[in-house]
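Reading through the C-alpha cells given below for one structure.
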2 protein chains.
Amino acid sequence: METGKALETSQRILDAAELLFVEHGFAGTSMRQITSAAGVNIAAVNYYFGSKDGLFQAVFERRAEPFAQLSIRKIDELTTNKNDYSAIEVAQAFMTAAMEMGSNPEYGGLVFVKLLARSYVEPNPVLKEKLPQRYGELTRKYLAALSHALPHLSNAEINWRFHFMTSAMFNAFAGNNVMRLFMAQPLVNARDPQLVAEMLMPFIAAGLNSPAAQ
Amino acid sequence: METGKALETSQRILDAAELLFVEHGFAGTSMRQITSAAGVNIAAVNYYFGSKDGLFQAVFERRAEPFAQLSIRKIDELTTNKNDYSAIEVAQAFMTAAMEMGSNPEYGGLVFVKLLARSYVEPNPVLKEKLPQRYGELTRKYLAALSHALPHLSNAEINWRFHFMTSAMFNAFAGNNVMRLFMAQPLVNARDPQLVAEMLMPFIAAGLNSPAAQ
DNA sequence: GTCTATATTCCGATAGAC
DNA sequence: GTCTATCGGAATATAGAC
C-alpha cells in the first residue's frame, strides 16, 4: 500500500525523468540528474523502479497506454461499420489523437510525442520487448484503413506512405526541425499543436492521395 | 607529417566511430567500444583527435562538406539563370544529393544520412558551433527556390513544407521507420536508396504543391 | 520510505616507456 | 606512433541505519 507522499515521490521522479530523457536521451541522462531535478534522494529510483531501465519503462508506459487507446478509438470511430472514408480522414484520426495528447497537460503535453519521436530514431532496448504487442495493433489498424481508402495502391506503397506520414507528423509535433539544426533561427514554431496540424494537413492529405509510383 | 600507417589508423577510428555513433548515439558510445571495434589502442583517439568531442567533430566533418557541396551544386544547377523551375524539381535536387551520397561507398553510403537524421533529433553541442554557417547557406538556397516555385504560399508556410519534406526524406533514407518500432516486422526496406526515392517522390511532390492552409 | 555510505564498474584522459 | 599503466571522477546499484 502506498501513502500519499510515496506516490508524490515516484511521480516527481517520472516527471523529471521524462523531461530529461527527451532532452538528453537515455544514455545521456544520469540518475543523479534525475533525482536532483526531482528533489528526491538518489536511492529513490532503485526503490521505486528497480533500475534505470525500469524507470525508463515506467516513464514510457505511463503515457503509452493512453496514447494507444486514444489512437485506436479514433480509427475505430472512423472505420467501424463504414465503407466510405477517405485517406485524409484516416490521417486526421491519427493527428487528432496526437493533438489531444499534446494539448492535455495531464498527459504531459507534447513531451510524450517528443519521446516517441526520439525512440523512433534511437530505439531503446527496453521498448523492443514491451511495445510491439499494443502498438502493433494500432499500426495494423491504420495500415488497413489506409489500404481500404486507397485501393489503387499496393500494400508496399501503403506501408511507405504510412512511414512518410508518421515521419512528418512526429517530427512536426516534436519540433524536430532541420532548420533548428542548420540555422541560427529555426523559422518555425512547434509549440502550438493546433498550428502544426493546420500546416501539416494539406501536405499529408495531398501526399497520401498522390498517384502510385509503380 | 603523417605516415601511411597513421592515416590508416585514424581512418579506422573514424569508420568505427561513425557506425557506433549512428547506432548508439554519442553518449551511448564509449571510446573503449570505438577503439576496440577499430582494432587500435585506447590511447589513439586522444592522440589523433584530442578528445571524444574532437572525434565526433571529425566524424561529422569528414562527410559534411561533401554533402553540403553536393546539395548546393544540385540547387545551383537547377536555379541559376532560370525562372521556370517547379517545386518538384527543387525536391528532386535535394533528394538526388542525398541519393548520390547514400549510394557512394566512398562517402560511407547511408551512414552519414543516418547520422544527420539522428543529430536532427539529438543535437550534439559540438555541431551547434560548427555546422550552421555552411548548412545555413544550403538551407536558405532551398527555401528561396521553394518560395520562388510556390509563390502563392507565405514564407511561413514555405518553411513548414520544407520541414515536412526534410523530415520525411531524412527518416526515409535513414530507415527510421515507425513500423520498426511498433511492429515485429518493419514492412519496408530502406536499404535501396533508389527505391526509397521512387516511393518518396510522388508523396513529396503532391505535398509541396498542395493548396495553402491559410 | 528515506537517508548515508559505500561497493563496484566503467568512463575519458594522460604520463611515460618504447 | 603505439603501447601499458594508471589517475581522478562519475556511473549504477545496494547495504543497512533510521
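Keep in mind it's a predicted model, so treat the numbers as computed, not measured. These values consider heavy atoms only, across backbone and side chains, with no hydrogens, waters or symmetry-generated copies. Residue numbering restarts at 1 for every chain, and letters A, B, ... go by the order of the sequence lines.
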Is it the case that A:Tyr47 and A:Ser10 place a side-chain donor and acceptor less than 3.5 Å from each other?
-> no
From CZ of A:Phe26 across to C1' of D:dA11 the rounded distance in Å is 12 Å
Are A:Leu116 and B:Phe182 packed together at the side-chain level, in the sense that at least one heavy-atom pair is separated by less than 4.5 angstrom?
yes
Taken to the nearest whole Å, CZ/B:Phe49 to P/D:dG1 is 12 Å
Partner of B:Asn171 under side chain to side chain donor-acceptor pair (under 3.5 Å), picked from B:Asn176, B:Thr166, B:Asn177, is B:Asn176
Separation of D:dA11 atom C1' from A:Asn46 atom CG, nearest Å, is 12 Å
| task | Would you tell me if any nitrogen or oxygen in the side chain of A:Tyr47 comes within less than 4.0 Å of OP1 or OP2 on D:dT14? | result | no
| query | Would you say a side-chain N or O of A:Thr9 is under 4.0 Å from OP1 or OP2 of C:dT2? | reply | yes
With the side chain defined as heavy atoms from C-beta on, A:Lys52 is closest, among D:dT2, D:dA13, C:dC11, to D:dA13
Under a 4.0 Å heavy-atom cutoff, the residues of residues 31-45 of chain B touching DNA chain C are B:Met31, B:Arg32, B:Ala43
Do A:Lys114 and A:Arg118 come close enough that some side-chain heavy atom pair is under 4.5 Å?
no
Side chains of A:Val121 and B:Glu122: does their closest heavy-atom pair fall under 4.5 Å?
-> no
Quiz item: Can you tell me if B:Tyr135 and B:Ser71 form a side-chain donor-acceptor pair at under 3.5 Å?
Solution: no
Between CZ of B:Arg12 and C1' of D:dG1 the distance, given in whole Å, is 12 Å
note: B:Phe56, atom CZ; C:dA13, atom P; distance rounded to Å ~ 15 Å
